[in-house]
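One structure is given below, encoded as structure tokens.
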Amino acid sequence: MTDGDGEWALPEDTEDVRAALVEWYEADHRSFPWRETTDPYEILVSEVMSQQTQLSRVEDAWHAFLDQWPTTTDLAAAERGEVVGFWSDHSLGYNNRAKYLHEAAQQVESDYDGEFPDTPEELSELMGVGPYTANAVASFAFDNGDAVVDTNVKRVLYRVFGVPDDDAAFEAAANDLMPEGESRVWNNAVMELGGVACGKSPDCDAAGCPWREWCDAYQTGDFTAPDVPTQPDFEGSRRQFRGRVVRALSEHGELALDELGPRIRVDYAPDGSYGRDWLRGLLDDLADDGMVEVADGSGSTVARLQE
DNA sequence: ATCCAGAATC
DNA sequence: GATTCTGGAT
């Protein structure tokens, strides 16, 4: 066995464990608009927006996005720059995800004749759709997914059943636990538990956690959670300046280097250490990522969002 | 200060 | 394995 494998097993009375959670979820849970649709496109948009972004900040953006591009046909026909601009305007971060979503819509149009596939395997072929999102869309749209494994699920399995901090172990445990053919309610319920009862600072009694009687952590009082990778500081980071570039180009359409520079850094000086060369480096990276186009004219260089 | 329904690319 | 983005809540 590899390092980190401890003694662990799911309870014998699995059916009771399952029933307790589903009953708890169905009695009361948070209301999100994407829980009231089974449209795979609407579900996908909510899932992509939710990656690394707090749910409370996704709701308005989700409504606005679907208002602007109601179907994959509409989104596929949009220009990439419009979609990236929307992402930036709504402060959704990681605007590569806007590019992926746009491309996924084009794949659905071209590869699937506008109709979403309904298996996790096929959904995984869409750009920006990994294991988590494939199972989420398959579950919430078609009730046809495997267990989702995200940081919430890992934290719950780690605390309640002592599943070791290992991706393969989490996936196996999550699927063992999930009742066959009930992925929609089950995956909603598990993530609801991780969100309202078993967050970083747990709230077992107040939230009426249905798994207290089976929970290792509740018995021992040790609510340690798996390590989450720590992020580098955002303030002053390259990411921050990339984000400002995208926002400025979305707002103004097209800008020359020396018009753009001062909007990115107040200390921009064309020949300074943060000047044209530095800015050009940022723009070339963004161009490689498919976000920005840089055009060298005679004497002046201009940048704009791609397409 | 740290965290948040991940995934692709190099 | 490191990088990509944002701001409100805690």
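Note on naming: letters A, B, ... go to the chains in the order of the sequence lines (proteins, then strands), and numbering restarts at 1 for each one. Both backbone and side-chain heavy atoms feed into the values below; hydrogens, waters and symmetry mates do not.
A:Trp62 contributes a side-chain N or O that, together with a main-chain N or O of A:Glu42, makes up a donor-acceptor pair within less than 3.5 Å. Side chain of A:Asp13 to backbone of A:Asp16: no donor-acceptor contact under 3.5 angstrom is found. In this structure, the side chain of A:Trp24 does not engage the main chain of A:Leu193 through any donor-acceptor pair within 3.5 Å. With hydrogens and angles disregarded, no donor-acceptor distance shorter than 3.5 Å links the side chain of A:Glu192 to the backbone of A:Asn188. Checking side-chain atoms of A:Arg263 against main-chain N and O of A:Val245 turns up no donor-acceptor pair under 3.5 Å. Of the possible donor and acceptor atoms, one in the side chain of A:Arg57 sits under 3.5 Å from a partner among the backbone N and O of A:Ser91. Remark: side-chain polar atoms of A:Arg80 are not paired, donor with acceptor, to backbone N or O of A:Met291 under 3.5 angstrom.
A:Val185 meets the side chain to side chain contact (heavy atoms under 4.5 Å, CB included) test with A:Val22, A:Tyr25, A:Glu26, A:Glu182; sequence neighbours excluded. Evaluation of the ring pair (Phe, Tyr, Trp, His ring centres under 6.0 Å) rule for A:His63 yields no partner, not counting sequence neighbours. A:Tyr274 pairs by the side-chain hydrogen bond (donor to acceptor under 3.5 Å, both in side chains) definition with nothing, not counting sequence neighbours.
Summarising the geometry, the separation between CD on A:Glu235 and P on C:dG8 is reported as 13 Å, rounded to the nearest angstrom. In this structure, A:Asp233 atom CG and B:dC3 atom P are separated by 12 Å, rounded to whole Å. As a whole-Å value, the separation of A:Glu103 CD from B:dA7 C1' is 13 Å. Following rounding to the nearest Å, A:Asn96 (CG) and C:dT6 (P) show an atom-to-atom distance of 12 Å. Per the geometry, CG belonging to A:Asp167 stands 12 Å off C1' belonging to B:dG6, to the nearest Å. At whole-Å resolution of the value, CG in A:Asp89 and P in C:dT6 are 11 Å apart. Between the CH2 atom of A:Trp87 and the C1' atom of C:dG7 there is a distance of 16 Å, rounded to whole Å. Computed from coordinates, the A:Glu59 CD to C:dA9 P distance equals 14 Å when rounded to whole Å.
When the P atom is compared between B:dA5 and C:dT10, the two are found 13 Å apart, to the nearest whole Å.
In this structure, a donor-acceptor pair under 3.5 Å is present between the side chains of A:Thr224 and A:Asp222. No donor-acceptor contact under 3.5 angstrom links the side chains of A:Asp216 and A:Tyr158, judged on distance only.
As judged by a 4.0 angstrom heavy-atom cut-off over every strand, A:Gln240 is placed among residues touching the sugar-phosphate backbone only.
Between A:Asp285 and A:Arg238 there is a salt bridge, since at least one side-chain N of the basic residue sits less than 4.0 Å from a carboxylate O of the acidic one. Classification of A:Asp296 and A:Arg280 as a salt-bridged pair holds, one side-chain N sitting under 4.0 Å from a carboxylate O.
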Please set out all donor-acceptor pairs under 3.5 angstrom arising from side-chain atoms of residues 131-141 of chain A, sequence neighbours excluded.
from: A:Tyr132; atom 1: OH; to: A:Glu47; atom 2: OE1; distance (Å): 2.9
from: A:Thr133; atom 1: OG1; to: A:Gln51; atom 2: NE2; distance (Å): 3.0
from: A:Asn135; atom 1: OD1; to: A:Asp146; atom 2: N; distance (Å): 3.0
from: A:Asn135; atom 1: ND2; to: A:Pro131; atom 2: O; distance (Å): 3.1
from: A:Ser139; atom 1: OG; to: A:Asn135; atom 2: O; distance (Å): 2.6
from: A:Ser139; atom 1: OG; to: A:Ser183; atom 2: OG; distance (Å): 3.4
from: A:Ser139; atom 1: OG; to: A:Asn187; atom 2: ND2; distance (Å): 2.9

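Listed by first residue number, the stems of DNA chain B with at least three Watson-Crick or G-U pairs below 3.5 Å are B:1-4 with C:7-10, B:7-10 with C:1-4.
Residues from residues 123-134 of chain A lying near DNA chain C, meaning a heavy-atom separation below 4.0 Å, are absent. Sorted by residue number, the members of residues 144-154 of chain A with any non-hydrogen atom under 4.0 Å from DNA chain B read A:Asp150, A:Thr151, A:Asn152. Taking a 4.0 Å limit (strictly below) on heavy-atom distances, residues 195-206 of chain A reaches DNA chain B at A:Lys200. Listed in residue order, the members of residues 28-57 of chain A having a heavy atom less than 4.0 Å from DNA chain C are A:Gln54, A:Arg57. Looking at residues 276-291 of chain A, you'll see that no heavy atom sits under 4.0 Å from any atom of DNA chain B.
Think of A:Met127 as one node in a network of Ile, Leu, Val, Met, Phe, Trp and Tyr side chains linked at under 4.5 Å; its network also takes in A:Tyr100.
Both A:Tyr100 and A:Met191 sit near DNA chain B, but only A:Met191 has its closest nucleotide nearer the 5' end.
In this structure, the separation between CZ on A:Arg244 and OG on A:Ser88 is 12.0 Å, given to the nearest 0.5 Å.
For residues 90-114 of chain A, the set of pairs meeting the salt bridge (charged side-chain N to carboxylate O under 4.0 Å, His left out) definition, not counting sequence neighbours, is empty.
A:Glu293 has its side chain out of reach of A:Val302: every pair of non-hydrogen atoms, C-beta onward, lies at least 4.5 Å apart.
The A:Arg97 side chain lies nearest to B:dG6 when the options are B:dG6, C:dT4, C:dT6.
Against the 90° criterion about 0, the sugar-base torsion of B:dA5 places it in the syn range.
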